[in-house]
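The chains referred to below are lettered A, B, ... by the order of the sequence lines, with proteins before strands, and numbering in each begins at 1.
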4 protein chains.
Amino acid sequence: MTTITTNIKNPERVRVKHEQIFDAALSLVKKKGFNKMTLRDISKETRMSLGNLYDYIGSKDDILFLIHQKAAKIFEANIDSSGWKDAPPLEKLRKIIEVEFDSKVVCQDLVMLMYQESHELPKEALRNVLGLEEKRITVFEEVVRESIDAGLLRPVNPVVIAHFIITLIDGWVLRRWSIHKKVTADEMKKSIMDMIFSYVLDGAREGA
Amino acid sequence: MTTITTNIKNPERVRVKHEQIFDAALSLVKKKGFNKMTLRDISKETRMSLGNLYDYIGSKDDILFLIHQKAAKIFEANIDSSGWKDAPPLEKLRKIIEVEFDSKVVCQDLVMLMYQESHELPKEALRNVLGLEEKRITVFEEVVRESIDAGLLRPVNPVVIAHFIITLIDGWVLRRWSIHKKVTADEMKKSIMDMIFSYVLDGAREGA
Amino acid sequence: MTTITTNIKNPERVRVKHEQIFDAALSLVKKKGFNKMTLRDISKETRMSLGNLYDYIGSKDDILFLIHQKAAKIFEANIDSSGWKDAPPLEKLRKIIEVEFDSKVVCQDLVMLMYQESHELPKEALRNVLGLEEKRITVFEEVVRESIDAGLLRPVNPVVIAHFIITLIDGWVLRRWSIHKKVTADEMKKSIMDMIFSYVLDGAREGA
Amino acid sequence: MTTITTNIKNPERVRVKHEQIFDAALSLVKKKGFNKMTLRDISKETRMSLGNLYDYIGSKDDILFLIHQKAAKIFEANIDSSGWKDAPPLEKLRKIIEVEFDSKVVCQDLVMLMYQESHELPKEALRNVLGLEEKRITVFEEVVRESIDAGLLRPVNPVVIAHFIITLIDGWVLRRWSIHKKVTADEMKKSIMDMIFSYVLDGAREGA
DNA sequence: GATGAATGAGTATTCATTCAT
DNA sequence: CATGAATGAATACTCATTCAT
């Protein structure tokens, strides 16, 4: 398993320090990008000495990995805690789209970071992170599949739909420099919802 | 205007060398990312001496700007040369979506680079690049607007639709690690087309 | 205040290392001039690693500033510790001239450096250094003024006299390539002393 | 003989170009110092191409030598053309002091440059330049000697006097940052004159 | 004689990482 | 566990100089 190297025995202590490092790093990466962020920056921001910092991480890349992992956990947790599982099928879909959208809007920095900096991760770590994301997408696929099986949706490809959902939501963040001036988050959420449902409910007009 | 600094007087020579630099840089950025690409790498790859390289650029950032500018031009040119203007309204829309998709598929490296490295650009250069992209999006908006005005489409927000089109197409490239194993480009192109048209033609089911 | 940047927390350590850097730099500047002296030279000479060197200075210019500051301190200290203050007025003047001369003779390298390299200092640092020198000159002015007030000297302009004293003494160092072959330091000291006193005691012959 | 390398046959052409180079270089050295002045700067300022520049000089150091040589010639010429030779002995001395002072005041940039940058000259060239200066000083020595021989002055050491004269005059320029605010050139000229004459006419008071 | 493109060694500076205390 | 000083490889950029045309 991909793990962050640490010399420290007390796991709780590690958890707390990792939390601090995450906070500092996220704000710094946002400000200057991962490459221009230095470990001295982190050291200053966390008020840990440089040497101590290295007791909790094995390398600078570990910090990036830490952020990605945490991000994955956050997005997963947001879905999990939304209680979507208790809703009826179609409502489930609507619910997780909504939660995912809200979640991504709140954590825009994380979204940006995942698209912009993930390629800086060492291969192994990248694989790990992508694996987590892949697992997360499966939830969307399953929900769609369930509705199809229940005859509530056209027999579309759940993989494609899940991909569209994530893409459209992330697009709202990734292209914010262009779109946020022109469309509000609520409008966008509604548009995405309509777009997805217009497609899965009634079906395509065969592209005109 | 944002321009790349050069000491060389012969503009044709500059054009040619910039081409070479672009080629080398694109492949190197793809391989190691912009930050880990060194000017020595470029120098070796282009077989220009380090000093000579600096006769054609003002700084390393200029190389990134060069790529972005060139990318913008390529995507613009692909649309322009597709003859979409001569088609009837709805066909126009279909056409530019198709061309944009094909264009982005061919230049996946450029797409990745634009999302991953644009934040490394100096502010001024970034503004410039985003401006070009914004201008490009306008084409999509106009085509949608025209069809709406002609009563061929529902009165959707052209800004949103244009945004969706670009987002869905770019999503196919950005998330290729996940989706390319599962869905072919042609399937995806058709799905995107259907998705867009199902939305603009008939309309949303009010999100279930 | 103009200060040398350092990352090191222990001030005593900083003091010691600055001392080492000063020693190395002075000898190197003497040998090759400030511009041709490289930080690698300093690093080698001080046996500090390049990175560590930069923990004690902020830039190469800081080294030049370090030397200038130190030089100013040395010349000031030499005067201060000479006990001139306890002498009677005219004797005071004689004393500080003598001390200044001896001081400059011992530190000829510093004198050369101050005239040759000070223009390489950043503006702010230069201002600072000139300020220190100006303050130092004031001592000479005051001593002259005191003797004048006591009726022991003609009412000459103390500013001019102080300027002459420093100029004549520094001239012995600056033009050593010419004069040291022909006149000994002791002769010169006596000549300068006579010259100054012949002027302030009895007065000019109205330029012949 | 120390000479500046050139490939060009036509000596008049060389003279003219050297003149241009001198003008450009002097102003540039004044502005940024010899080290920070680049040959590209010179090229731009003289509107000669870089290659062409190298047809008239052998190296960057040649430019510094060119300036020094020219400076020496100027100071020499100023003395020569002053008609001092036709004056009676004491008047001769007074005259050349005055001319030297005026000459140095007009060419302050050259004076600064000679003290600040001469150590950048290659050994051979430095020797050459110092030789010219030495020769120039001899004039002062001779004039003093003549007056002594004529019984018009005390039997002082002419070498010392000549040295003092040059030193005091150059001091007015070298320390201008301090003294120009407080004393005018005319006052200074008079003070120097008085100082010298008070010393050579009547003699020292044995240093109090 | 003139042009301007090319060369490449050289330099200040940064920063991830280590380690003695 | 924590500190902070030390290491040194790496890198963007400059500039004197050369040379084909």
Distances for protein N/O vs nucleotides 8-10 of chain E N/O pairs under 3.5 angstrom?
residue	atom	partner	partner atom	Å
E:dG8	N7	B:G51	N	3.3
E:dG8	O6	B:G51	N	3.4

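The phosphate of F:dA6 (OP1 or OP2) has a side-chain N or O of C:R13 nearer than 4.0 angstrom. In terms of phosphate contacts, C:K17 brings no side-chain nitrogen or oxygen within less than 4.0 Å of OP1 or OP2 of F:dA5.
Scanning residues 18-30 of chain B for heavy-atom distances under 4.0 Å to DNA chain F yields an empty list.
F:dT21 and E:dG1 have their P atoms separated by 22 Å, with the value rounded to a whole Å.
Around NZ of C:K30, the count of heavy atoms belonging to other residues, nucleotides or ligands within 6.0 Å does not exceed 12.
Nucleotide F:dT3 holds its C1' atom 15 Å from the NZ atom of A:K44, rounded to whole Å. Between the CG atom of B:N10 and the C1' atom of E:dG4 there is a distance of 10 Å, given to the nearest Å. Atoms CG (B:N35) and C1' (F:dA10) sit 14 Å apart, rounded to a whole Å. Rounded to an integer number of Å, the gap from B:Y56 OH to E:dA6 C1' is 8 Å. Across the protein-nucleic acid pair, A:Y54 atom OH and E:dA16 atom C1' stand 4 Å apart, rounded to whole Å. Summarising the geometry, the separation between CG on C:D55 and C1' on F:dT3 is reported as 14 Å, rounded to the nearest angstrom. Atom CG in B:L39 sits about 6 Å away from atom P in F:dC13, given to the nearest Å. Atoms CD1 (C:I8) and C1' (F:dA6) sit 8 Å apart, rounded to a whole Å.
Cation-pi check for D:K60 over D:F34 is met; the charged atom lies under 6.0 angstrom from the ring centroid and within 45 degrees of its normal.
Here the shortest heavy-atom pairing between C:L121 and C:D61 reads CD2-O, 4.4 Å. B:D62 and B:T5 make their closest contact through OD2-N, 3.7 Å (heavy atoms, listed as atom of the first residue, atom of the second, distance).
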* Could you walk me through whether B:H18 and B:Q69 pass the side chain to side chain donor-acceptor pair (under 3.5 Å) check? -> CA-CA 11 Å; B:H18 275 182; B:Q69 243 189 351; over 6 Å; no
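Side-chain contact between D:L110 and D:I67: present, with at least one pair of heavy atoms (C-beta onward) separated by less than 4.5 Å. Using a 4.5 Å heavy-atom threshold, the side chains of D:S118 and D:V129 count as separate. Residues B:T6 and B:I57 form no side-chain contact, since every pair of their non-hydrogen atoms from C-beta on lies 4.5 Å or further apart.
Toward the 5' end of DNA chain F, the nearer of the two residues A:N7 and B:M37, judged by each one's closest nucleotide, is A:N7. Heavy-atom distances to DNA chain E give each of C:K60 and B:L53 a nearest nucleotide, and the one nearer the 5′ end belongs to B:L53.
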* Asked: What pattern of brackets, bars and dots sums up DNA chain F from 5' to 3', given Watson-Crick or G-U wobble pairs under 3.5 Å, [ ] for crossing pairs and | for another strand?
  -> .||||||||||||||||||||
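Side-chain contact of D:E117 with C:H119: a donor-acceptor pair under 3.5 Å is present, judged by distance alone.
The distance from atom CG of B:D55 to atom CE of B:M48, rounded to the nearest 0.5 Å, is 7.5 Å.
Ion pairing between a basic and an acidic side chain is recognised when a charged N comes within 4.0 Å of a carboxylate O; A:D41 and A:K32 show such pairing.
D:K36 comes within 4.0 angstrom of nothing in the nucleic acid, heavy atoms only.
A donor-acceptor pair under 3.5 Å is absent between the side-chain atoms of D:K31 and the main chain of D:M37, judged by distance alone.
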